[in-house]
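These numbers come from a predicted model, not from an experiment. Atom set for the values below is all heavy atoms of this structure, side chains included, hydrogens, waters and symmetry mates excluded.
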Amino acid sequence: MHHPAEHSPLGKSSEYVSSYSPELLFPISRVTKWNELGLTAATLPYQGVDFWNCYELSWLTPSGKPVVAIGEFAIPADSPSIIESKSFKLYLNSLNQSVYASAAELEQVLARDLSAAAGAPVAVRVRSLTAAEAEGVASLPGICIDELDVTIGGYEHPQPELLRAEAGQTVEETLHSHLLKSNCPVTGQPDWGTVVVAYRGANRLDHASFLAYLVSFRQHADFHEQCVERMFLDLKRLLAPELLTVYARYVRRGGLDINPYRSTHAVQADNRRLVRQ
């Protein structure tokens, strides 16, 4: 079966375009992967957002002077389409020789183009380097499970059968791990990330089993968004929680990092970068 990104620029030699070209953006419908996970747009069991951060954003002032900044793009998790990452980068590069009177003007252009590609309103924030520096680096909440002693039996695909839970009194906890790795489904390049799971319910997640499950993604080929959605669904089936949030902070490639958040409830997502980012 062909991957829906096969016709995108991903994995192909691409010409550098230095003039504003919104047509470079390549939307990929979420429907294919939703169907694979047994979901439809009307039955999504989560809400959330995909935060994209761009560290290679630049344009020209009316006097011809270059400006550099950091772009933040928040794409709703229920948008009809994601935007293929290489096309996103090519589009952003096409702004390098374009003239904008202010960051606010550029934000309007970015929001218009990205919303059209995603099929839903995309929130855009262009930050100066000084503002980004002031926001600092985030520390992860909860317990790090990376030092647990676990035996790993496979890396080729996610293994939800490894997950274990213990019934008992209501538990509320947050876990995190830096050991997530998956592969790009088109190029095979590695994607490195950190995962956070926060939940409340009557079933306690066995920490070692979750770590083994997480490592089973190591050779799995899928986009960032679908990896997080798969984790969310597997944990929701196992725990039947009152509340569940799963998010991943991925290491950037090509100047972009992608950070999907999925939750049973509205959350105030923290988009400050981690030390690895």
Using atom types as modelled and distance alone, determine if a side-chain donor or acceptor of [X] lies under 3.5 Å from a backbone N or O of [Y].
{"X": "T264", "Y": "L244", "result": "yes"}
{"X": "N259", "Y": "N271", "result": "no"}
{"X": "Y199", "Y": "L205", "result": "yes"}
{"X": "T187", "Y": "C184", "result": "no"}
{"X": "S263", "Y": "A266", "result": "no"}
{"X": "E107", "Y": "V126", "result": "yes"}
{"X": "R276", "Y": "H178", "result": "yes"}
{"X": "S209", "Y": "R164", "result": "yes"}
{"X": "E133", "Y": "L129", "result": "no"}
{"X": "Q159", "Y": "L162", "result": "no"}

Would Y91 and F26 count as a side-chain contact (heavy atoms from CB on, under 4.5 Å) here? Give the steps. CA-CA 9 Å; Y91 161 72; F26 189 92; over 6 Å; no

Residues [X], [Y]: salt bridge by 4.0 Å N-O rule:
{"X": "R253", "Y": "E56", "value": "no"}
{"X": "E242", "Y": "R200", "value": "yes"}
{"X": "R127", "Y": "E135", "value": "yes"}
{"X": "D191", "Y": "K181", "value": "no"}
{"X": "D78", "Y": "R30", "value": "no"}

Could you walk me through whether Q277 and R252 pass side chain to side chain donor-acceptor pair (under 3.5 Å), step by step? CA-CA 7 Å; Q277 298 179 299; R252 78 187 74 159; over 6 Å; no

Interatomic distance, [X] atom [atom1] to [Y] atom [atom2] [nearest 0.5 angstrom]:
{"X": "I82", "Y": "I75", "atom1": "CD1", "atom2": "CD1", "answer": "8.5 Å"}
{"X": "D113", "Y": "L25", "atom1": "CG", "atom2": "CG", "answer": "6.5 Å"}
{"X": "L214", "Y": "M231", "atom1": "CG", "atom2": "CE", "answer": "5.0 Å"}
{"X": "N93", "Y": "S19", "atom1": "CG", "atom2": "OG", "answer": "12.0 Å"}

Dump the intermediate steps for side-chain contact (heavy atoms from CB on, under 4.5 Å) on I143 and H176, then the final yes or no. CA-CA 6 Å; I143 303 166; H176 66 261; 6.0 Å; no

Flag the pair [X] / [Y] as yes when at least one side-chain heavy-atom distance between them is below 4.5 Å, and no otherwise.
{"X": "L92", "Y": "L256", "value": "yes"}
{"X": "T174", "Y": "V196", "value": "yes"}
{"X": "R273", "Y": "N53", "value": "no"}
{"X": "H207", "Y": "L148", "value": "yes"}
{"X": "L95", "Y": "L110", "value": "yes"}
{"X": "F51", "Y": "F73", "value": "no"}
{"X": "E36", "Y": "Q226", "value": "no"}
{"X": "P66", "Y": "W59", "value": "no"}

Would you tell me whether [X] and [Y] have side-chain atoms, one donor and one acceptor, within less than 3.5 Å of each other?
{"X": "Y261", "Y": "D270", "value": "no"}
{"X": "D146", "Y": "S177", "value": "yes"}
{"X": "S128", "Y": "T130", "value": "no"}

Going through the distances and angles, do E225 and I258 end up as a side-chain contact (heavy atoms from CB on, under 4.5 Å)? CA-CA 8 Å; E225 299 91 339; I258 307 171; 4.1 Å; yes

[X]-[Y] co-clustered via ILVMFWY side chain contacts under 4.5 Å:
{"X": "L163", "Y": "V150", "answer": "yes"}
{"X": "L274", "Y": "V197", "answer": "no"}
{"X": "I83", "Y": "W34", "answer": "no"}
{"X": "V49", "Y": "Y247", "answer": "yes"}
{"X": "L140", "Y": "L175", "answer": "no"}

Here the pair of heavy atoms bringing P158 nearest to P160 is O-CD, 3.3 Å

Looking only at heavy atoms, what is the nearest atom pair of L239 and A165, with distance? CD2-CB, 3.8 Å

Return the orientation label for the H220 and F217 ring planes: parallel under 30°, perpendicular over 60°, tilted otherwise. perpendicular

Please walk me through it: do V228 and Y46 pass side-chain contact (heavy atoms from CB on, under 4.5 Å)? CA-CA 11 Å; V228 172; Y46 52 73; over 6 Å; no

Under the side chain to side chain contact (heavy atoms under 4.5 Å, CB included) test against F232, which residue among R230, K236, E229 passes? K236

Stepwise, does the ring-ring contact (aromatic ring centres under 6.0 Å, His included) test hold for W52 with F88? CA-CA 10 Å; W52 294 61; F88 205 143; 4.7 Å; yes

